[in-house]
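Just below is one structure, and these are the notes that go with it.
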Amino acid sequence: MRGDIRKLLAQTELSAEEKMRAVMDNPKWKSYVDEHLRYVEFEASEEANESIQQLIDWYVDKKSKRVKYSGVKLKKMFLSLPEVEQRQVGLALLTGSESDTEWTCHQLLPNKPMFQENWTVRWHPCYTEAVEACWNRFQGQYCGQLMIQFLDEEAVRRHLQELETQKLYFRLCRRFANAGWFVMDVEKLKRCTYINSYLSVMSLLPQGISPEEARALLFQWTGVATVHHMQRFFTDGNIFWNAKTCDHRVLNAWGFTTALYYMLKMNLHEVVSDFLDWEEEVVNDYRETVKTDEDTPELEDRFRQTILDHFPDDMRHFTKLDFQHYYYVSTPGKILTVPEFHSIYEYDSPVDFPPFGILVPGHGMVGDFYSAVGAASPLEQMSHDNPSVAKFVEELDLVEDFLPEEGDSKVSLYGNSDVLPF
């Protein structure tokens, strides 16, 4: 041991901790074991005597100056409380602000954990009047969901006009599809649902949907999922792959079998059978291609291309997606029944863009479509906004590159010459 360290350790005025810091040459050294073993005396905190009732009283009294403080405490303990105390806290929170009432209503909605049979239902009839009062104050989305799901028909009918919003209309249709007083707007339902949600409602009606519509929805789902994922809009692109069976199938797409289930509930067995026959052709062709083609690209891409190669001619427009103006998908398993319009451009007059590719009469030109709807083509738009682009286009005669070649009808990932993919 160095002499200077020996002398330092002998100094009685230094603590053991200071000596160890010198030994280890680390000014931040400390004994975590000694800290862990240290006896700690009880110290009563200011919050020790705050009962649930005290917090509720503070929260309900809007002049207590402890509303926000008690609200945070009550929400933190809400889910872990026994049922009686939970309802007391829930009723108190429903007297609060919009954010607190919406939070509470969200907790009261039934929740089914993934892959479990049991539901967690915290709702109790004692909340009825408080929830209706919250709706009168704020008309929040979660509050509206509670209204539709748990309040009696008379209460819902009192607020029917207010509840018929885009976000709540599906729930209204699900509960009151066959109620004599409820007039369902099917087109509105389509505009605010995913395909499975739409089918779940229509399967409740005696008439269901037509075979033609059912077939179109199946190929819409298939086309949108195929092209959307070819564009890598989702990080996990292997939606047609099943890791358990180790195969590619259209039926492996998330949620797709649910659509078939609802169609069978509507006795559309012929439509389902025909689609399964088509899907079998796709799978068989894909397997043969993979087996014989040594230069096969990434398997998921190969399967998607096989789907497009087999797409029925009358359904092919469902593979021509206008990403510039429409949303088609929320998540891989949620295909919108009617694509949602959006636009990053502004036009002098409303433009009715088709959500899927359109057939152009005769040979057709890209510019014909845009002039027909009174809007500039993308190339014209760029040329108008940037004189340098306009000069570049004119010098290189780029217009021809945007037009289909005569007699070219080859179908590719981006569509054929007679169908505009946008």
Side chain to side chain contact (heavy atoms under 4.5 Å, CB included) assessment of Leu308 paired with Arg304: CA-CA 6 Å; Leu308 293 183; Arg304 296 187 191 114; 5.8 Å; no
Can I get a per-line list of side-chain donor-acceptor pairs under 3.5 Å for residues 270-278, giving both atom names and the distance, sequence neighbours left out?
from: Ser273; atom 1: OG; to: His269; atom 2: O; distance (Å): 2.8
from: Trp278; atom 1: NE1; to: His310; atom 2: O; distance (Å): 2.8

With Asn178 via side-chain contact (heavy atoms from CB on, under 4.5 Å) - residues at least two apart: Leu204, Leu205, Pro206
Heavy-atom closest pair, residues Val131 and Cys143: O-SG, 3.3 Å
Test salt bridge (Lys or Arg N to Asp or Glu O under 4.0 Å) applied to Arg158 - qualifying residues, sequence neighbours left out: Glu132
Verdict with supporting geometry, Asp100 and Lys75, side chain to side chain contact (heavy atoms under 4.5 Å, CB included): CA-CA 8 Å; Asp100 283 356; Lys75 285 190 286 187; 2.8 Å; yes
Nearest-0.5 Å distance that lies between atom OH in Tyr194 and atom OG1 in Thr258: 14.5 Å
By ring-ring contact (aromatic ring centres under 6.0 Å, His included) - contacts of Phe176 (at least two apart): Trp181
Over 12 non-hydrogen atoms of neighbours within 6.0 angstrom of CG in Asp314: yes
Heavy-atom side-chain proximity of Val227 to Lys320 below 4.5 angstrom: no
Heavy-atom side-chain proximity of Trp135 to Leu146 below 4.5 angstrom: no
Partner residues of Asp61 under the salt bridge (Lys or Arg N to Asp or Glu O under 4.0 Å) criterion, sequence neighbours left out: none
Salt bridge (Lys or Arg N to Asp or Glu O under 4.0 Å) involving Lys190 - partner list, sequence neighbours excluded: Glu187, Glu213
Which atom pairs, one a donor and one an acceptor, fall under 3.5 Å between side chains of residues 9-25 and the rest of the protein, sequence neighbours left out?
from: Ser15; atom 1: OG; to: Glu18; atom 2: N; distance (Å): 3.1
from: Ser15; atom 1: OG; to: Glu18; atom 2: OE1; distance (Å): 3.3
from: Glu17; atom 1: OE1; to: Arg21; atom 2: NH2; distance (Å): 3.3
from: Glu18; atom 1: OE1; to: Ser15; atom 2: N; distance (Å): 2.9
from: Lys19; atom 1: NZ; to: Leu9; atom 2: O; distance (Å): 2.8
from: Lys19; atom 1: NZ; to: Gln11; atom 2: O; distance (Å): 3.1
from: Arg21; atom 1: NE; to: Pro27; atom 2: O; distance (Å): 3.3
from: Arg21; atom 1: NE; to: Trp29; atom 2: O; distance (Å): 3.0

Nearest non-hydrogen partners of Ser210 and Leu268, listed with the distance: C-CD2, 4.3 Å
From Thr319, Ile195, Leu336, Ile335, residue fulfilling side-chain contact (heavy atoms from CB on, under 4.5 Å) relative to Val224: Ile335
Within 6.0 angstrom of Glu153 CD, more than 12 heavy atoms from elsewhere: yes
Sub-4.5 Å side-chain heavy-atom contact between Glu340 and Tyr326: no
Flag for Trp123-Gln149: side-chain donor and acceptor within less than 3.5 Å: no
Distance (rounded to the nearest 0.5 Å) between Lys62 NZ and Ser64 OG: 8.0 Å
Distance-minimising heavy-atom pair for Leu199 and Met266: CD2-CE, 3.9 Å
Side chain to side chain, Tyr286 and Asp309, heavy atoms closer than 4.5 Å: no
OH on Tyr262 to OG on Ser203, rounded to 0.5 Å: 6.0 Å
Check: Asn196 side chain, Gly255 main-chain N or O, donor-acceptor pair, under 3.5 Å: yes
Student check: side-chain heavy atoms of Gln220 and Met315 closer than 4.5 Å: no
Heavy-atom side-chain contact between Val283 and Asp247 under 4.5 Å: no
Under the side-chain contact (heavy atoms from CB on, under 4.5 Å) test, residues paired with Gln145 that sit two or more places apart: Leu109, Gln141, Tyr142, Leu168, Arg171
Donor on one side chain, acceptor on other, Tyr328 and His228, under 3.5 Å: no
Leu151 CG to Arg157 CZ distance, which is reported to the nearest 0.5 Å: 14.5 Å
Reported CH2-to-NE2 distance for the pair Trp241 and His248, which is rounded to 0.5 angstrom: 6.0 Å
Residue pair Trp221 / Ala259: nearest heavy atoms and the distance that separates them: CZ3-CB, 4.3 Å
Side chain proximity check, Ile307 to Glu279, heavy atoms < 4.5 angstrom: no
Within-4.5 Å side-chain heavy-atom neighbours: Ile209 and Leu217: yes
With sequence neighbours excluded, residues passing ring-ring contact (aromatic ring centres under 6.0 Å, His included) with Tyr327: His342
Minimum heavy-atom distance Lys73-Glu50, with the two atoms named: CE-OE1, 4.0 Å
Ring centres under 6.0 angstrom apart (Trp103, Phe78): yes
Nearest heavy-atom neighbours spanning Thr101 and Gly96: CG2-O, 3.6 Å
For Leu189, all residues meeting side-chain contact (heavy atoms from CB on, under 4.5 Å), sequence neighbours excluded: Tyr169, Phe170, Cys173, Met184, Thr193, Tyr198, Val201, Met202
Partners meeting salt bridge (Lys or Arg N to Asp or Glu O under 4.0 Å) with Glu83 (sequence neighbours left out): Arg87
Point-to-point distance, once rounded to the nearest 0.5 Å, from CG of Leu172 to CD1 of Ile148: 3.5 Å
Derivation and outcome, side chain to side chain contact (heavy atoms under 4.5 Å, CB included), residues Glu102 and Phe138: CA-CA 9 Å; Glu102 275 292 271; Phe138 304 118; over 6 Å; no
Residues, nucleotides or ligands: over 12 heavy atoms within 6.0 Å of Lys68 NZ: no
Counterpart residues, side-chain contact (heavy atoms from CB on, under 4.5 Å), relative to Ile52 (two or more places apart): Ile56, Met77, Leu81, Glu85, Val89
Among Phe356, Phe219, Phe311, the one residue meeting ring pair (Phe, Tyr, Trp, His ring centres under 6.0 Å) with Phe318: Phe356
Worked verdict on Leu260 versus Phe256 for side chain to side chain contact (heavy atoms under 4.5 Å, CB included): CA-CA 7 Å; Leu260 298 180; Phe256 194 88; 4.1 Å; yes
Asp57 and Arg66 ion-paired at < 4.0 Å: no
Modelled atom types, side-chain donor and acceptor of Gln305 and Asp301, under 3.5 Å: no
